[in-house]
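Notes for the one structure printed next.
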Number of protein chains: 2
Amino acid sequence: MSSTSRPAEAQVHDLATFALADGFHAAATACGLKPSGRLDLGFVWSDTPCSAAGVFTTNRVQAAPVHVCRETLSAAAGRVRGVLYNSGCANAVTGERGLGDARRMRALGATAIGAKPEELFVLSTGVIGKFLDMEKLSRGVEALRAGAALHTAGDAARAILTTDTRPKLAEASIAGGHARIAGFAKGAGMIHPNMATMLAVITTDARIEPARLDRGLRAAVERSFNRISVDGDMSTNDTVLVLASGASGAAVDDAGEPAFTAALTEACGSLARQIARDGEGATRLVELRVTGGASERQAHRVGDAIACSPLVKTAIHGNDPNWGRILAAAGYSGEPIEPDRVRLWLGEGDPLQLLDRGLPLGFDEARASALLRQDPAVVHMDLGLGSASAVVWTCDLSADYVRINADYTT
Amino acid sequence: MSSTSRPAEAQVHDLATFALADGFHAAATACGLKPSGRLDLGFVWSDTPCSAAGVFTTNRVQAAPVHVCRETLSAAAGRVRGVLYNSGCANAVTGERGLGDARRMRALGATAIGAKPEELFVLSTGVIGKFLDMEKLSRGVEALRAGAALHTAGDAARAILTTDTRPKLAEASIAGGHARIAGFAKGAGMIHPNMATMLAVITTDARIEPARLDRGLRAAVERSFNRISVDGDMSTNDTVLVLASGASGAAVDDAGEPAFTAALTEACGSLARQIARDGEGATRLVELRVTGGASERQAHRVGDAIACSPLVKTAIHGNDPNWGRILAAAGYSGEPIEPDRVRLWLGEGDPLQLLDRGLPLGFDEARASALLRQDPAVVHMDLGLGSASAVVWTCDLSADYVRINADYTT
C-alpha cells in the first residue's frame with residue numbers, strides 16, 4: 001500500500017503485536033476439523049455482556065451458523081458474550097441436523113464461558129455440505145477451556161483462515177485514542193466472491209448501544225466489504241460481526257457517532273482490501289475508481305462489472321493495458337453509460353490517460369504495463385455523466401486461481 | 001456429443017465437405033491484419049438479393065461494424081447481397097474514423113460484387129481500439145476479387161476465427177430436404193462471454209420474407225446463443241446474421257414457419273454449443289439443465305448463475321463433484337429459490353443424484369468424478385418450484401484460460 005491518496009491504513013502487519021479491544025479474550029486450538037492439523041477452532045469473548053451487531057449473506061442458501069447468529073442477535077444484541085468459530089467445515093447445506101449442530105456448538109461455547117446459549121455467536125467456514133464433527137468440536141471447546149489452547153489475538157485470527165495465505169488484521173483508534181477498534185477477517189476466494197466465504201470478527205472497547213452499533217456497521221460494510229462483493233453474490237456463510245465491550249469507558253453518543261462510524265469503516269475497509277489482495281492466486285490488489293457517475297450506485301455497478309470480468313483480471317495479471325476489455329465491461333454493466341464520454345487512466349499520483357471521451361489515446365505501453373504491475377494496480381474510469389463516485393477492489397486472476405479451485409475438496 | 005437425449009447434432013465435422021446453402025459464394029484470403037499470416041478476410045455473397053435478418057450485441061459500447069450492419073438491415077433487409085468480414089481487428093472503440101472505415105469496408109465489398117453499399121453487411125473481430133488497416137483491407141478485397149483467394153465454404157469459416165481452436169460449422173435441412181440452412185461462427189471467449197466476440201453467419205436457400213426470417217432468427221437465438229451468453233453481457237461486436245437466397249425455390253409460408261424456425265434453432269444451437277465447447281482453455285462442454293422453475297426466465301437465470309461461477313467451472317475442470325458451489329451459485333442467482341426443494345444430479349441416461357430437497361446424499365465420489373469428466377458434463381438441477389426449464393451451456397475453466405487471456409494484445 002504505497003498510495004498517497006489512500007487513507008493511512010488500519011492494517012496491522014504483525015500477528016505477534018495484534019491485540020483485540022480491551023475487555024476481550026482470545027483462544028485458539030487445532031481440534032482436527034482441518035486434516036492439516038492447523039488451527040481450526042477459535043473463540044473471542046468478553047467476561048461482561050457486549051453490544052453486538054451483524055451483517056449476513058443475502059444468498060438464498062444460508063448456512064446453519066448464519067441462522068443461529070440471527071437468533072442470537074434478535075435475542076440478545078445488548079448482551080452478547082462472544083463468538084465461537086471453526087474453519088475446515090462450513091456447516092452449510094446440512095439441513096435440520098446442521099442447525100442442531102450449530103445450536104449445540106453455541107451451547108458448548110456458552111457453557112465454556114458461563115454464558116447463556118443465546119448470548120453467543122457461532123461461525124463456520126470450510127467445505128460445504130459436510131456435517132460438523134461434533135465430537136472433535138466438543139473436545140476442541142474442552143481444550144480451549146482447559147487452557148491447553150493458544151491465547152493471543154493473532155492465534156485467534158489464524159484459526160479462522162481456510163485458503164487464505166495470510167491473516168487479515170485491522171485496527172483503528174477512536175475517542176482521541178481512548179478507545180479502539182480491532183478485528184480480523186478471513187476470505188480468499190476470487191474477489192467478488194461467488195461463494196468463497198468472507199467472515200469478519202470486530203471488537204471495540206467503546207461503549208455503544210446496539211442500535212447505534214448496527215447503524216454504524218451497516219454504513220461501514222456498504223463502503224468496505226460490499227465494495228469487494230456484489231450484492232446477492234455472497235456465499236452461504238458470509239458474516240461480519242462486531243462486539244462492543246465498553247471496557248474503555250468511552251461512550252459513543254450522537255456527537256461521537258460519525259467518528260466511530262468512520263473508524264469502523266476504516267477498519268472494515270482495510271480488512272476488505274486485505275481480502276481482495278489475498279484473492280486465490282492473486283499477485284496484486286486492483287483498485288477501480290469510478291468517478292463521474294450519475295449516482296453512486298451507478299459508479300458502484302460499473303466498478304463491479306469491471307471487477308468481475310475475468311478478461312480484465314487476466315489482462316491485469318499479464319500487465320496488459322487492454323483498456324478495451326475494461327471499457328466493454330463497463331458497457332455491459334447494465335448502466336446506461338455513454339461510451340463517448342468515458343475517460344480512463346492507469347496509476348495514481350501521475351496517472352497515464354488511455355482513453356479520452358471514448359477514444360483511445362496513443363500512450364506509452366511500457367509505462368502502462370509498469371503501472372499495472374504496481375500493487376495496488378489503480379484503474380480510474382470517469383463516466384462523464386455526473387459527480388458520483390465509488391471505489392471497488394479486486395485482484396488479478398492467475399493460473400494459480402484455477403489450480404487452487406480445481407481440487408479444493410478432492 | 002455422445003448424448004442420447006440431445007437432438008441429432010447439426011454440427012458438421014469436416015471443413016472440406018462443408019457447403020453454404022445454394023446461391024452463396026465464399027472467398028477468403030490473408031491480407032495481413034493478423035500478424036500470423038492466417039486467413040483474416042472472408043466474404044460470403046449471393047449473385048441475387050437475399051432476405052436478411054440480424055441480432056446484435058446489447059453492449060452500450062457497440063463496434064463500428066455493428067452500426068453499419070444495422071444501417072444495412074434498415075435500408076435493405078430484403079435485398080442484402082452478402083457479408084464481408086475480417087478478423088485480427090475489431091474496429092471497436094474507434095469513433096467516427098472507425099465508422100468511416102466500416103463504411104469504406106462495406107463500399108469496397110459492394111463494389112467487388114457489383115452491389116450497392118447498403119446491400120452489404122460487414123463484421124470485424126479481433127483486438128479492440130485499433131483502427132482497421134484500410135490499405136491492407138483494400139488489397140485484401142482486391143485479392144478476393146481477383147480470384148487469388150481460397151473459395152471453399154470451409155476457408156470462409158476459417159477466416160472469421162481469432163482465438164478459436166477450431167472452426168464452428170452447422171447445417172440443417174428443411175422442406176423435406178429441398179432446402180438447407182448452413183452457417184459458421186466464431187467465438188472462444190470464456191463462455192458467458194464478458195466481451196469475447198461471438199459472430200455467426202448463416203445462409204439458407206429457402207425463400208422467406210425478411211419479417212419472417214427476423215422472427216425466426218430471434219426465436220432461434222433466444223434458445224441458442226442467448227443460452228451461452230447472459231443478456232447485457234455481450235461483447236462490443238457480437239452479431240448473428242442470416243441471409244436467405246431463395247435459390248432452392250422452397251418457400252417458407254405460415255405453415256412452414258415452425259419447421260424453418262426449428263431447423264434454424266437446431267443450427268444455431270449447434271454453433272452455440274461449439275462455441276461453448278471451444279471456450280478458451282476449455283477441455284469439455286458443460287450442459288446445465290435447470291428444471292422445476294416457476295418460469296423459463298427463472299430457470300435460465302439460475303442456469304446462468306451456475307454457468308458464470310468460476311468456482312463451479314474450476315471444480316468441473318478438476319472433476320470435483322463440489323455440489324455446494326453449484327447450489328450456492330443458484331442461491332445468489334437473484335431468483336427466490338427454495339434451497340430445501342432443490343435436487344441435483346450429474347450425468348444423463350442413468351444420472352447420479354447428489355442432493356435431495358436441499359440435503360446432500362451419500363454418493364459414489366469416484367462415479368461422480370467420472371461423470372464430470374464426460375464431454376459434455378451434464379449437471380441437472382430441479383428447483384421444485386414449477387414446471388419451466390432451460391438448458392444453458394458453458395465449459396470448464398482451466399489454467400490455460402488465464403494463460404491465453406493474460407497476454408492477448410501484448
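Just so you know, these numbers use all the heavy atoms, side chains as well, and skip hydrogens, waters and symmetry mates. Chain letters run A, B, ... following the sequence lines, proteins first and then strands; every chain starts at 1.
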Take atom [atom1] of [X] as the centre, draw a 6.0 Å sphere, and report whether it contains more than 12 heavy atoms from other residues, nucleotides or ligands.
| X | atom1 | answer |
| --- | --- | --- |
| B/Lys34 | NZ | yes |
| B/Arg297 | CZ | no |
| A/Arg367 | CZ | yes |

- request: Report the option among B/Gly95, B/Ser398, B/Ala90 that has the most heavy-atom pairs separated by less than 4.5 Å from atoms of chain A.
  value: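 That would be B/Ser398.
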- prompt: Who among B/Ala92, B/Gly98, B/Ala399, B/Pro360 has the most heavy-atom pairs with chain A under 4.5 Å?
  reply: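 Top count of heavy-atom pairs under 4.5 Å with chain A: B/Ala399.
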message: For the CG atom of B/Asn59 and the CD1 atom of A/Ile337, what is their distance to the nearest 0.5 Å?
response: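 B/Asn59 atom CG to A/Ile337 atom CD1 measures 7.5 Å (nearest 0.5 Å).
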query: When rounded to the nearest 0.5 angstrom, what distance separates OG1 in A/Thr94 from CG in B/Leu359?
result: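 If we round to the nearest 0.5 Å, A/Thr94:OG1 and B/Leu359:CG are 8.0 Å apart.
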query: Of the non-hydrogen atoms in A/Arg60 and B/Pro339, which two are nearest, and what is the gap between them?
result: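 Reported closest heavy-atom pair: O-CG, 3.2 Å.
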Given a strict heavy-atom distance threshold of 4.5 Å, which part of [X] is in contact with chain B: side chain, backbone, both, or neither?
| X | result |
| --- | --- |
| A/Gln62 | neither |
| A/Leu355 | side chain |
| A/Ser369 | neither |

message: For B/Glu335, which atoms come within 4.5 Å of any heavy atom of chain A: side chain, backbone, both, or neither?
response: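 Just the backbone, heavy atoms under 4.5 Å.
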